[in-house]
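Read the structure below first, then the notes.
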Number of protein chains: 2
Amino acid sequence: MSDTDRPPLVAPAPAEAAAYVRDARERRAFCTLLGRCHVAYDGRTTSHAGPADRLVALKPDLTLLVHAADGPKPQNWLAADALDVDVADGALLLTATRESPTEELCVTFESIEQAAAMAADETDATVEISGTEADLKERVLADPALVEPGFRALAAERDTPAGPVDVFGRDSSGRAVAVELKATRAGPDAASQLSRYVDALRRDLHADADVRGILVAPSCTPRTRRVLARDGHEFVSLEP
Amino acid sequence: MSDTDRPPLVAPAPAEAAAYVRDARERRAFCTLLGRCHVAYDGRTTSHAGPADRLVALKPDLTLLVHAADGPKPQNWLAADALDVDVADGALLLTATRESPTEELCVTFESIEQAAAMAADETDATVEISGTEADLKERVLADPALVEPGFRALAAERDTPAGPVDVFGRDSSGRAVAVELKATRAGPDAASQLSRYVDALRRDLHADADVRGILVAPSCTPRTRRVLARDGHEFVSLEP
DNA sequence: GCCTAGGTCCCGTGA
DNA sequence: TCACGGGGCCTAGGC
């Protein structure tokens with residue numbers, strides 16, 4: 001059955017829109033609603049947004065998105081496991097709910113300008129090609145000398161009591177080295193993460209073994225430099 | 001001029017769809033396209049996604065969103081400062097670009113099932129009501145004894161060389177206390193953050209002054225407990 | 001399910 | 001503008 005069997009709606013009455021959304025939900029179709037609505041969310045926090053023109057999208061997996069006019073992030077959203085579609089007081093009411101954690105997102109349309117829908121085929125994944133921290137790790141493992149001459153990489157994601165070190169190895173004089181990688185400009189959290197791992201390794205590899213810490217990133221902020229210096233760690237600039 | 005002047009489209013030809021999207025862009029309207037497309041992004045990373053049925057949304061601020069069938073996050077997106085709309089080889093081509101950082105998102109529609117649009121009025125903000133870290137800070141400042149009996153809160157966001165401490169105060173015996181707040185279950189990063197601040201305060205308040213660190217959150221993970229213990233800091237359970 | 005860390009994170013706030 | 005830290009973060013990978 002073709003989707004032209006469900007043509008878009010223009011200024012539908014609430015009952016007509018409700019039937020349209022229910023049909024989309026049952027067909028596991030994309031559905032978009034353009035109109036004036038207000039929104040209430042209750043769950044991890046609580047929020048309310050008064051009447052405004054918004055774009056509301058229902059996805060085949062029951063994700064409900066509410067977009068205001070600006071910004072890439074939805075104003076509200078819910079990866080729901082159930083969606084109720086009702087008409088109350090002459091308004092279309094979408095109530096999306098989820099358990100664990102208990103959440104509810106409720107959209108009330110005062111008026112709907114347009115509604116559209118399309119059944120979806122199966123999805124494919126996007127292919128990431130470059131620029132991630134994983135790519136930086138590949139580079140370092142393939143050519144450890146990028147960190148410093150004589151550096152040998154012995155393990156990736158080496159476990160410590162404080163968590164996994166991105167790259168663990170030894171320098172030209174045999175000292176243990178923990179390497180923390182960041183694909184983008186590094187902040188103080190990266191320096192602290194490195195310190196956690198170095199401390200854990202010092203305890204792990206015998207009594208207070210000599211362990212160096214190196215933060216590898218394209219760049220780092222001034223405060224990050226200070227935290228590194230304070231802890232006696234180093235910085236190496238490297239692009240992913 | 002009413003939006004019924006731009007009725008939705010059903011299975012439009014590429015040129016017709018292009019005109020529709022251009023019109024939406026110029027009116028600063030919401031516009032949604034449902035159809036089969038492939039997507040390429042180049043900027044902070046690089047990605048490509050082959051043909052599939054997707055929902056593409058253009059917002060009045062030139063945010064372009066590409067949604068696949070599942071998940072709350074868009075497969076690709078761009079907060080663009082320019083959008084080119086073209087027809088090439090019988091396909092609708094949307095090219096969104098941005099400078100600083102230089103990014104490009106290109107969506108090529110093989111076929112479009114439906115297109116819809118709505119001009120938007122001005123936007124209003126959502127009102128967050130409860131459950132945030134800011135709420136937890138209010139609670140603690142209003143009733144410092146929630147941290148521990150006799151605790152006095154002296155400053156919020158007190159600056160240190162390592163960054164601002166959420167709450168700074170003194171305990172019943174006059175010792176300085178740094179409090180790090182988390183509104184949700186705390187992880188190791190929270191413990192490290194606290195350590196950074198305590199270390200900075202010890203240096204700041206005279207030679208190695210006596211400074212306690214307390215992590216306040218609804219709960220914390222086991223590894224976080226260990227990092228706290230290692231650094232001699234404490235945990236207090238408190239809901240926002 | 002929980003824990004851990006990355007992200008084209010986005011976003012607000014302050015210097 | 002950058003820097004810093006929060007987020008209903010989301011998502012992937014382990015266990």
Side-chain angles (χ1 to χ4, degrees), chain A residues 41-47 63 70-79 98 100-105 125-126 128-137 157 159-160 162-166 180-190 192-193 196-197 219-225 227 240, chain B residues 41-47 63 66 70-79 98 100-105 125-126 128-137 157 159-160 162-166 180-190 192-193 196-197 219-227 240:
Chain A
Y41 166 78
D42 188 22
R44 309 184 214 192
T45 62
T46 300
S47 76
T63 297
D70 53 348
K73 291 192 63 175
Q75 198 171 47
N76 290 97
W77 70 95
L78 188 62
R98 169 187 173 131
S100 164
T102 300
E103 295 176 283
E104 181 178 276
L105 176 59
T126 121
E128 296 296 334
I129 301 182
S130 77
T132 64
E133 181 176 314
D135 294 308
L136 182 55
K137 184 161 65 182
E157 305 300 333
D159 248 326
T160 76
V165 184
D166 284 338
E180 173 63 27
L181 304 171
K182 293 294 165 193
T184 58
R185 188 170 176 79
D189 56 328
S192 288
Q193 215 178 331
R196 284 209 308 276
Y197 298 153
S219 61
C220 75
T221 66
R223 189 169 276 168
T224 306
R225 281 271 187 199
V227 176
Chain B
Y41 166 78
D42 188 23
R44 309 183 216 192
T45 63
T46 301
S47 76
T63 297
V66 180
D70 54 348
K73 291 192 65 175
Q75 197 170 47
N76 291 96
W77 70 93
L78 189 62
R98 169 186 174 134
S100 157
T102 300
E103 295 176 283
E104 182 178 275
L105 176 59
T126 120
E128 295 297 333
I129 301 183
S130 76
T132 64
E133 181 175 313
D135 294 310
L136 182 55
K137 184 160 67 183
E157 306 301 331
D159 251 325
T160 76
V165 183
D166 285 339
E180 173 63 28
L181 305 171
K182 293 294 165 193
T184 58
R185 187 169 177 80
D189 57 325
S192 288
Q193 215 179 331
R196 284 210 308 276
Y197 298 154
S219 62
C220 74
T221 67
R223 190 167 274 169
T224 306
R225 281 272 186 196
R226 244 175 294 150
V227 176

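Chain naming here is simple, since letters A, B, ... match the order of the sequence lines and numbering starts at 1 in each. Every heavy atom of this structure was used, including side-chain atoms; hydrogens, water molecules and symmetry mates were not. None of these values were measured; they are calculated from a predicted model.
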Nucleotide C:dA5, atom C1' - distance to CG of A:D166 in whole Å: 9 Å

Side-chain (B:D166) to main-chain (B:L181) donor-acceptor, under 3.5 angstrom: yes

Pair assignment for DNA chain D - dot-bracket with | for other-strand partners, Watson-Crick or G-U under 3.5 Å: |||||||.|||||||

Touch class at under 4.0 angstrom, heavy-atom based, for A:E180 against every strand present: sugar-phosphate

Partner set under side-chain contact (heavy atoms from CB on, under 4.5 Å) for A:A162, not counting sequence neighbours: A:T160, A:R196, A:Y197, A:A200

B:I129 vs A:S47, side chain to side chain contact (heavy atoms under 4.5 Å, CB included): CA-CA, chis, key distance, verdict: CA-CA 6 Å; B:I129 301 183; A:S47 76; 5.8 Å; no

Heavy-atom donor-acceptor pair, A:N76 side-chain to D:dG8 base, under 3.5 Å: yes

Closest-nucleotide 5' rank along DNA chain C - winner of A:P101 and B:T45: A:P101

Any B:Q75 side-chain N or O less than 4.0 Å from OP1/OP2 of C:dT8: no

Listed partners of A:R225 passing salt bridge (Lys or Arg N to Asp or Glu O under 4.0 Å), at least two apart: none

Partners passing side-chain contact (heavy atoms from CB on, under 4.5 Å) against B:T45 (at least two apart in sequence or in another chain): A:E128, A:T132, B:Y41

Atom-to-atom span, CG of B:D189 to C1' of C:dG7 - whole angstrom: 15 Å

Residues that A:E103 engages under salt bridge (Lys or Arg N to Asp or Glu O under 4.0 Å), provided they are two or more places apart: A:R44, A:R98

Rounded interatomic separation in angstrom, taking CZ from A:R98 and C1' from D:dG8: 10 Å

Salt bridge (Lys or Arg N to Asp or Glu O under 4.0 Å) partners of B:R223, counting only residues at least two apart: none

Spacing of A:E133 atom CD relative to C:dA5 atom C1', expressed in whole Å: 8 Å

Contacts of type side chain to side chain donor-acceptor pair (under 3.5 Å), residue A:K137, not counting sequence neighbours: A:E157

A:T221: partners by side chain to side chain donor-acceptor pair (under 3.5 Å), with sequence neighbours left out: A:T224

Integer-rounded Å distance: C:dG6 P and A:D135 CG: 15 Å

C1' spacing across the pair D:dG7 / D:dT11, given as an integer number of angstrom: 14 Å

Atom-to-atom span, NZ of B:K182 to P of D:dC9 - whole angstrom: 12 Å

Test side chain to side chain donor-acceptor pair (under 3.5 Å) applied to A:S219 - qualifying residues, sequence neighbours left out: A:R185

Touch class at under 4.0 angstrom, heavy-atom based, for A:L78 against every strand present: base

Sugar-phosphate only, base, or nothing, as touched by A:T46 at under 4.0 Å among non-hydrogen atoms: nothing

Whole-Å gap separating P (C:dT13) and CG (B:D159): 17 Å

Any residue meeting side chain to side chain donor-acceptor pair (under 3.5 Å) with B:E104, in chain and number order, not counting sequence neighbours: none

Please list, pair by pair, any protein nitrogen or oxygen found under 3.5 Å from a nitrogen or oxygen in nucleotides 10-12 of chain D.
residue: D:dC10; atom: OP1; partner: A:W77; partner atom: NE1; Å: 3.1
residue: D:dC10; atom: OP2; partner: A:R44; partner atom: NH1; Å: 2.9

Pairwise C1' distance for D:dC10 and D:dG6, with rounding to whole Å: 14 Å

Euclidean distance, B:T63 OG1 relative to B:L105 CG, rounded to 0.5 Å: 11.0 Å

Nearest-Å distance for atom pair CG/C1', residues B:L136 and D:dG7: 14 Å

Return the polar atom pairs (N/O with N/O) between nucleotides 2-4 of chain D and the protein under 3.5 Å, or none.
residue: D:dA3; atom: OP1; partner: A:R185; partner atom: NE; Å: 3.4
residue: D:dA3; atom: OP1; partner: A:R185; partner atom: NH2; Å: 2.4
residue: D:dA3; atom: OP2; partner: A:R185; partner atom: NE; Å: 2.9
residue: D:dC4; atom: OP2; partner: A:T221; partner atom: OG1; Å: 2.3

